[in-house]
Amino acid sequence: MSDKKRKPSRVLNWLRRGFCGTKKELSIFEEEQIQSPIRTIFENFFRKKTAVFGLIMFTIILLFVLIGPAFVELDLSYVDQTQTNTPPGMTMLAVPNELDGNIRRIEAGKSFSIGLSNDGKVYVWGNTSMTPVIDVKDAMPEEVKNSFIVDIAVGTDHVYAIDDKDNWYFWGVDRNKQNAMPDEVEELKYSDIKKIDAGNQVTGVLTNDGYLYIWGNKNLSDITVRKSYQGKIADFTFTGYNYIVLLNDGTVAYTGMEKSNAFTRIPDAISYEDPTAEVQSGVEKKKVVSIASTYDVVCAADEDGELYFWGNMTNNENAVPAHDSDIVKISAGKNYFVGLMENGEVIAWGDNALKQTDVPKNLAKYNIVDVYSGGFYNYAIDDQGNCHTWGLKGYLLGTDEFGRDILTRIIHGGLTTMTVGAVAVLISTILGVIFGGLAGYFGGVVDMIICRIAEVIGSLPSLPLLLILSSILGQRFTTEQKMYMIMVILGIIGWTGLCILVRAEVLRAREQEFVTAAKAMGVKENKIVFRHIIPNVISTIIVSATLGFATSMLTESGLAFLGFGIAPPTPTWGNMLNGANNSDVIQNMWWRWVFTSVIFGLTTISINLMGDGLRDAMDPRSTER
């Protein structure tokens with residue numbers, strides 16, 4: 001092994017000098033030993049701390065938007081009204097420690113969950129804010145905290161609880177009659193109640209003698225119970241806008257008032273038949289022992305373990321994984337099912353956009369005795385009373401008005417915005433170099449024509465022009481075509497500034513000796529311009545292109561912010577900020593604009609700092625001795 005100390009790399013030296021400065025001042029003779037102009041540029045650039053900061057920040061952001069899409073998939077059609085305007089946080093599955101080994105029941109709402117302990121205490125976790133003024137956790141009545149609660153029902157935006165003294169408690173959103181409990185239910189004792197459950201702005205109570213009472217938003221859901229079925233109901237389950245019942249004879253019925261919808265088409269083998277009807281189907285009936293439903297699909301399991309599905313199956317809700325044991329309990333979330341098997345194993349199927357069906361592999365080590373699911377959240381209880389969770393943990397940067405993850409849209413939107421800026425500045429740079437080089441070298445009529453064209457185009461107000469063109473042509477193009485159109489327009493109107501700079505540099509360079517020598521050797525004029533003169537003015541081109549990149553990004557985002565750029569659902573940083581252009585959003589949903597503004601601001605500032613650093617590094621007159 002060599003005794004010589006390993007010298008630090010040149011890049012590390014540059015970084016160290018950029019932030020810490022040099023240890024000693026070089027003499028003029030040492031400075032003259034610099035080997036190449038490139039090294040001089042690097043030395044000067046990394047000596048400037050602001051330029052190094054800009055380079056580091058821009059590199060991080062660029063890698064963020066380039067690599068991010070490989071890990072975060074964007075679904076342009078995704079909309080989930082249950083997840084709208086969710087603030088940042090990863091607490092959706094943060095079960096309180098007090099519930100470990102002490103769980104009586106867990107119920108989930110649209111973005112929060114409530115646990116009931118064996119000693120009658122109620123615990124709330126997740127995103128508990130239902131509206132800017134209603135928080136499910138803070139709105140919990142003091143009587144609930146001081147009572148022994150025996151059962152709870154959790155809907156998308158409200159909660160019911162009953163204590164051991166038969167007192168009912170309600171909290172949450174009540175503007176759609178969620179709290180309009182019928183007098184018959186208020187008079188019930190808990191010993192008379194078989195089940196309480198809640199759905200999307202509705203609540204239901206089933207008595208031991210088979211009577212079902214449902215109340216809440218009647219405009220949203222068909223919640224009327226036909227009298228002919230009262231006294232025969234053994235169980236019920238809420239879909240998004242309806243409900244289904246299991247009758248005492250093991251058949252399933254739709255007991256609402258709608259005559260035909262996706263939920264009335266119950267499979268013949270399990271559907272209820274009126275014994276007094278003149279015509280009977282003659283189909284042998286199976287006895288159903290369990291029913292559950294997502295927003296759009298109902299699942300029923302018969303005594304032989306066979307499953308039946310009906311409704312609007314758009315998320316593979318009927319694609320049950322292979323299993324070796326009978327399913328003894330089915331629970332459901334918004335668009336998926338979870339099955340607890342006889343041997344204690346758990347399977348899940350349906351939509352998995354938010355990892356709600358990714359059952360943990362280590363769950364197989366435990367003997368699961370119960371499963372609770374709702375929304376996008378799952379809680380499995382083992383025989384020791386411990387809780388195991390999987391599903392949606394939360395959103396690092398929150399969601400927007402359509403329930404879309406802001407982090408995902410920032411990543412993909414940044415890629416779109418940067419692509420538009422890069423292509424636009426590439427077009428403008430090519431045009432500026434070509435026209436500026438020709439004008440500066442040939443002069444005369446060519447110079448006059450090009451300069452007049454540049455002055456006309458440069459005098460046009462770019463943003464109003466883009467707004468007019470986008471308004472006229474935008475409706476005729478698809479989103480992708482509109483993106484290409486904006487790139488081209490930005491490139492065409494953005495070349496004039498660089499053209500004037502290149503022209504001035506070429507006018508100066510064409511009088512130098514190397515140009516005269518090239519002419520004397522018979523080199524063609526186009527080669528003299530683009531192979532000899534332009535490389536000597538490359539510093540001006542690079543700096544202009546760097547600063548023009550930021551300008552193109554800002555212009556595209558300005559268009560999108562004003563509603564004339566690339567339209568949603570395709571994300572750009574500009575149209576994301578346009579979606580937050582609302583006083584209510586600015587005041588109450590800060591996450592919808594703060595994170596996008598910060599990353600956009602950092603990007604443009606970093607590019608400008610890099611441009612300033614390059615300009616100083618490439619200008620020998622800026623080098624201090």
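Nothing fancy with the numbering, it's 1 onward along the sequence.
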Would you say [Y] and [X] are linked by a side-chain donor-acceptor pair, where the criterion is simply a distance under 3.5 Å?
{"X": "T314", "Y": "N312", "result": "no"}
{"X": "D80", "Y": "T82", "result": "yes"}
{"X": "Q178", "Y": "N217", "result": "no"}
{"X": "D351", "Y": "Q356", "result": "yes"}
{"X": "S129", "Y": "D135", "result": "no"}
{"X": "T203", "Y": "H158", "result": "yes"}
{"X": "N378", "Y": "S373", "result": "yes"}
{"X": "D358", "Y": "N352", "result": "yes"}

Hey, is the main chain of [Y] close enough, under 3.5 Å, to the side chain of [X] for a donor-acceptor pair?
{"X": "S221", "Y": "K218", "answer": "no"}
{"X": "H412", "Y": "V72", "answer": "yes"}
{"X": "S544", "Y": "I541", "answer": "no"}
{"X": "E455", "Y": "I453", "answer": "no"}
{"X": "D400", "Y": "G403", "answer": "yes"}
{"X": "N575", "Y": "T572", "answer": "yes"}
{"X": "R592", "Y": "V585", "answer": "no"}
{"X": "T399", "Y": "T86", "answer": "yes"}
{"X": "D222", "Y": "M257", "answer": "yes"}
{"X": "T417", "Y": "G414", "answer": "no"}

If every non-hydrogen atom of [X] is compared with every non-hydrogen atom of [Y], which pair is closest and at what distance?
{"X": "N176", "Y": "Q201", "answer": "ND2-OE1, 3.2 Å"}
{"X": "T429", "Y": "A545", "answer": "OG1-CB, 3.7 Å"}
{"X": "L602", "Y": "S606", "answer": "O-OG, 2.6 Å"}
{"X": "Y379", "Y": "I106", "answer": "CD1-CG2, 3.6 Å"}
{"X": "E401", "Y": "R404", "answer": "OE2-NH2, 4.5 Å"}
{"X": "R503", "Y": "C451", "answer": "NE-SG, 3.3 Å"}

Would you mind reporting whether [Y] and [X] have side-chain heavy atoms less than 4.5 Å apart?
{"X": "P69", "Y": "L415", "value": "yes"}
{"X": "L577", "Y": "W573", "value": "no"}
{"X": "L498", "Y": "V433", "value": "yes"}
{"X": "L76", "Y": "P571", "value": "yes"}
{"X": "V338", "Y": "W390", "value": "yes"}
{"X": "W125", "Y": "T91", "value": "no"}
{"X": "Y377", "Y": "T389", "value": "no"}
{"X": "T156", "Y": "F112", "value": "no"}

Between [atom1] on residue [X] and [atom2] on residue [Y], distance to nearest 0.5 Å:
{"X": "S113", "Y": "Y372", "atom1": "OG", "atom2": "OH", "result": "12.5 Å"}
{"X": "L426", "Y": "S552", "atom1": "CG", "atom2": "OG", "result": "10.5 Å"}
{"X": "N200", "Y": "I223", "atom1": "CG", "atom2": "CD1", "result": "11.0 Å"}
{"X": "Y484", "Y": "I486", "atom1": "OH", "atom2": "CD1", "result": "12.5 Å"}
{"X": "N588", "Y": "N85", "atom1": "CG", "atom2": "CG", "result": "9.5 Å"}
{"X": "K334", "Y": "K110", "atom1": "NZ", "atom2": "NZ", "result": "11.5 Å"}

- Item | Other residues, nucleotides, ligands: >12 heavy atoms within 6.0 Å of D584 CG | yes
- Partners passing salt bridge (Lys or Arg N to Asp or Glu O under 4.0 Å) against E107 (at least two apart in sequence or in another chain): R105
- Decide side chain to side chain contact (heavy atoms under 4.5 Å, CB included) for Y336 and L354; before the verdict, give the C-alpha distance in whole Å, the side-chain angles of both, and the deciding distance to 0.1 Å. CA-CA 11 Å; Y336 69 99; L354 300 175; over 6 Å; no
- Item | Stepwise side chain to side chain contact (heavy atoms under 4.5 Å, CB included) test for I607 and L547 | CA-CA 7 Å; I607 294 172; L547 299 175; 5.7 Å; no
is_close_aromatic([X], [Y]), centroid dist under 6.0 Å:
{"X": "Y160", "Y": "W215", "value": "yes"}
{"X": "W495", "Y": "F435", "value": "yes"}
{"X": "F309", "Y": "F337", "value": "yes"}

- Note on the structure: With sequence neighbours left out, the residues meeting side chain to side chain donor-acceptor pair (under 3.5 Å) with D197 are none
- Query: After noting the C-alpha distance and the side-chain angles of L397 and W591, does the key distance pass the side chain to side chain contact (heavy atoms under 4.5 Å, CB included) rule?
  - Reply: CA-CA 7 Å; L397 302 184; W591 59 91; over 6 Å; no
- Message: Assess the residue pair M553 and F600 against the criterion (side chain to side chain contact (heavy atoms under 4.5 Å, CB included)); give the C-alpha distance rounded to whole Å, side-chain angles, the decisive distance to 0.1 Å, and a yes or no.
- Response: CA-CA 9 Å; M553 288 175 55; F600 195 8; 3.9 Å; yes
- Query: Angle class for the Y295/Y241 ring planes (parallel below 30°, perpendicular above 60°, tilted otherwise)?
  - Reply: perpendicular
